[in-house]
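Order of the sequence lines sets the chain letters (A, B, ...), proteins ahead of strands, with each chain counted from 1. The shown structure was predicted, so the numbers you read here are calculated from the model rather than taken from an experiment.
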Number of protein chains: 2
Amino acid sequence: MKKKITLKHIARELEVSVSTVSKALRNSDEIGRDTKEKVQAFARLYNYKPNNIAISLKNKQTKNIGVIIPNIVHHFFTTVFRGIEKYASDRGYNVIVCVSDESFDKEVINMEMLANGSVDGFIMALSGATQRQNDFNHITEVMGQGIPVVLFDRVTDQVNCDKVVINDRQIAYEAVLKFLANGRERIALVTNESYFNVSEERANGYIDALKDNGRTINENLILTLAYDHIDENVITGFFEREQIDAVLCVNEIFAVCCMGIAQKLGYKVPEDIAFIGFTDGILSRHSRPSLTTVAQHGEQMGEMAAKLLIEKIEKEINDEDMEQETYRTEIIKATIMERDSTDN
Amino acid sequence: MKKKITLKHIARELEVSVSTVSKALRNSDEIGRDTKEKVQAFARLYNYKPNNIAISLKNKQTKNIGVIIPNIVHHFFTTVFRGIEKYASDRGYNVIVCVSDESFDKEVINMEMLANGSVDGFIMALSGATQRQNDFNHITEVMGQGIPVVLFDRVTDQVNCDKVVINDRQIAYEAVLKFLANGRERIALVTNESYFNVSEERANGYIDALKDNGRTINENLILTLAYDHIDENVITGFFEREQIDAVLCVNEIFAVCCMGIAQKLGYKVPEDIAFIGFTDGILSRHSRPSLTTVAQHGEQMGEMAAKLLIEKIEKEINDEDMEQETYRTEIIKATIMERDSTDN
DNA sequence: TTGTAGGCGTTATCAT
DNA sequence: ATGATAACGCCTACAA
């Protein structure tokens, strides 16, 4: 039942000064051999550990990283988080997570809360609402205070900072190419309301691939679903109405649902119709047939984001003169994970 | 590009003392009307926000909660986390997450790190390794320092603290009862290596239900799989070897895999064989047929854990006299979520 | 070799 | 009504 012990306690107990204790514990050679041993033994006995808060205050460094994500139940964010956590904790940083719940207000509140001394920098993916209303003052303000920010996945051109994204457009392009190579012609896209830049990029890749290969875009083959609720009837109607032999979905839930519905309608996968989804999560691995997906390598993305952030944090400490800031955008290369929902 | 501003800056600028500024900002009525207004206007202009770290140091309270979980990609932990985050952030607490990766060492390191002033309390689920080696000194030590701990899901009798669990045993019991009521007799259990108390409890419920209803336990119908790797051949062998008409699985991945394999072997679900899995995640909702599961209500569990913890934290602040600590174990009632893998 | 003093940002107490 | 001072726990020049 020993309460937390401080330098002062040790000093009093051993009848030396606080600074002697401090130096002794840091093994300074200003301190005599025997005093050092005495102090260190005592500290070990009472399990002395310096108080992080005091150190933070003194050093103006918290060794905490703030992560703000829209959502923690989505597998993709979870894997990114895992990458962040891994990289950061290897370097002695803790991770403070806040969830914006796709809400602008929560994003702002969380950010302000953490910016007041709790963290040394931020890693974040923009909430849906933030992207919709195009307001990034909270971010620029925090950066103005000298706190670095790294954006990942859901990013924006309107903030100048380090970013980590995947090559959404290109990989969607490649997915369509793959369909074409397999002789598929009636290729559908299932996407969601488009204030998500990622969905937009994927749609662009889809469109470009078709155009570049002399196909015309058939708007009827593009299905736009709501972000948060899946209406099976809408999907069923889509598959009944249109003739389709391949489907690219912007996430795995859409893909699995669409595949299930198509199967119910009598389609054979992949003989009659092929599927590729974004997000390589458990769902894709365990669906029947297993789903070919775009692996976004979230963990790698998280590691990269953490790397960029920690570099900035530690550079800022050294550079007082703040030589012209320079920001990078790292692109994590997505790959197509072939499984049984496509021809191989 | 305004850097962080402090009381001192304001004081200097306005040529008053720091304490005047402090009081003015807290609207103390010791301060004259005009001074107050002047200070507040200035603070607003420069967007002054008090430094959390300094406040933490002064108040010996961080308003941070440390969460240590074995793993963040498992849907269950994710939902619990969500509950914690929700409850905590509504009450002004931040959540610091560390992942133990099922490792004893990482659990200890993370805990010690956070215990040195970074958090006011812990919410945790024990890592696999910790449960295996039965060493809980890191936990009792932290509690000895007056830092409250709440254990959830993966708990132990050997630590006396608040706990939140689900009624694993009873719900497994009920699941088996349901099978029996549907005329199923050859009921299998698919579980994992048993240092997870939760798996053990579920197995006990399975056994009790059979015994209480006059059935004998057939050891051959209990399949024990490795925790981290699923060997399809083992499962296939199991279903080929044994005659089975119902399966209870301790998690949803096992359930989905087993169901897939059984289907491949020609079983019709649920006509020939029924399945119930623990953990009500996306997998269960989207499998074909959809899986009947035990919903563990992780979010509710997280909220409860956060509630217990915050109560302890805030009580401790008031009670200096530490009147005989009393600990609670809250039981979250799991429910069976009926879907298409069982008769209804 | 050891100790003193000052400061990180804030607040509470006690002067003025 | 305002200000000086001390304290939270730690670190580090500088003094002794």
task = Take B:Glu303 and B:Lys307 through the test salt bridge (charged side-chain N to carboxylate O under 4.0 Å, His left out) and record every step on the way to the result.
result = CA-CA 6 Å; B:Glu303 282 178 42; B:Lys307 180 163 174 289; over 6 Å; no

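Dashed line: the shortest gap from a side-chain N or O of A:Thr20 to OP1 or OP2 of C:dG3 is under 4.0 Å.
Taking atom CZ of A:Arg12 as the reference point, atom P of C:dG3 lies 15 Å away to the nearest angstrom. In this structure, CD1 of B:Ile31 is placed 8 Å from P of D:dG3, rounded to the nearest angstrom. Rounded to whole Å, atom P of D:dG9 lies 11 Å from atom NZ of A:Lys4. Put simply, CG on A:Leu25 is 15 Å from C1' on D:dT12, counting in whole angstrom units. Separating the CD atom of A:Glu15 from the C1' atom of C:dG3 is a distance of 15 Å, rounded to the nearest angstrom.
Residue B:Asp29 is classed as a sugar-phosphate contact, given heavy-atom separations below 4.0 Å to backbone atoms only. Within the nucleic acid shown, B:Thr35 comes within 4.0 Å of sugar-phosphate atoms alone, with no base atom in reach, counting heavy atoms only.
When all heavy atoms are compared, the tightest approach of B:Ser118 to B:Met113 is OG-O, 4.0 Å.
Checked against a 6.0 Å centroid threshold, the rings of A:Phe42 and A:Tyr46 count as neighbours. In this structure, the ring of A:His138 has its center less than 6.0 angstrom from the ring center of A:Phe104.
Atom CZ of residue A:Arg91 and atom NZ of residue A:Lys86 lie 10.5 Å apart, to the nearest 0.5 angstrom. Taking NZ of B:Lys60 as the start and NZ of B:Lys58 as the end, the distance is 10.5 Å to the nearest 0.5 Å.
Summary of helix geometry: the two end axes of the helix from C:dT1-D:dA16 to C:dT16-D:dA1, each defined by five base pairs via their C1' atoms, are inclined to each other by 60° (rounded to 10°).
Looking at B:Arg154 and B:Glu102, a side-chain N of the basic residue comes within less than 4.0 Å of a carboxylate O on the acidic one, giving a salt bridge. A:Arg328 and A:Glu311 are joined by a salt bridge, as a carboxylate oxygen and a charged side-chain nitrogen come within less than 4.0 angstrom of each other.
Looking at B:Asp153, B:Thr329, B:Leu151, B:Ile332 one by one, the single match for side-chain contact (heavy atoms from CB on, under 4.5 Å) with B:Val165 turns out to be B:Thr329.
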note = Letter by letter from the 5' end, nucleotides 9-16 of chain C scores (B base, S sugar-phosphate only, - none; protein heavy atoms under 4.0 Å) BBBBBB--

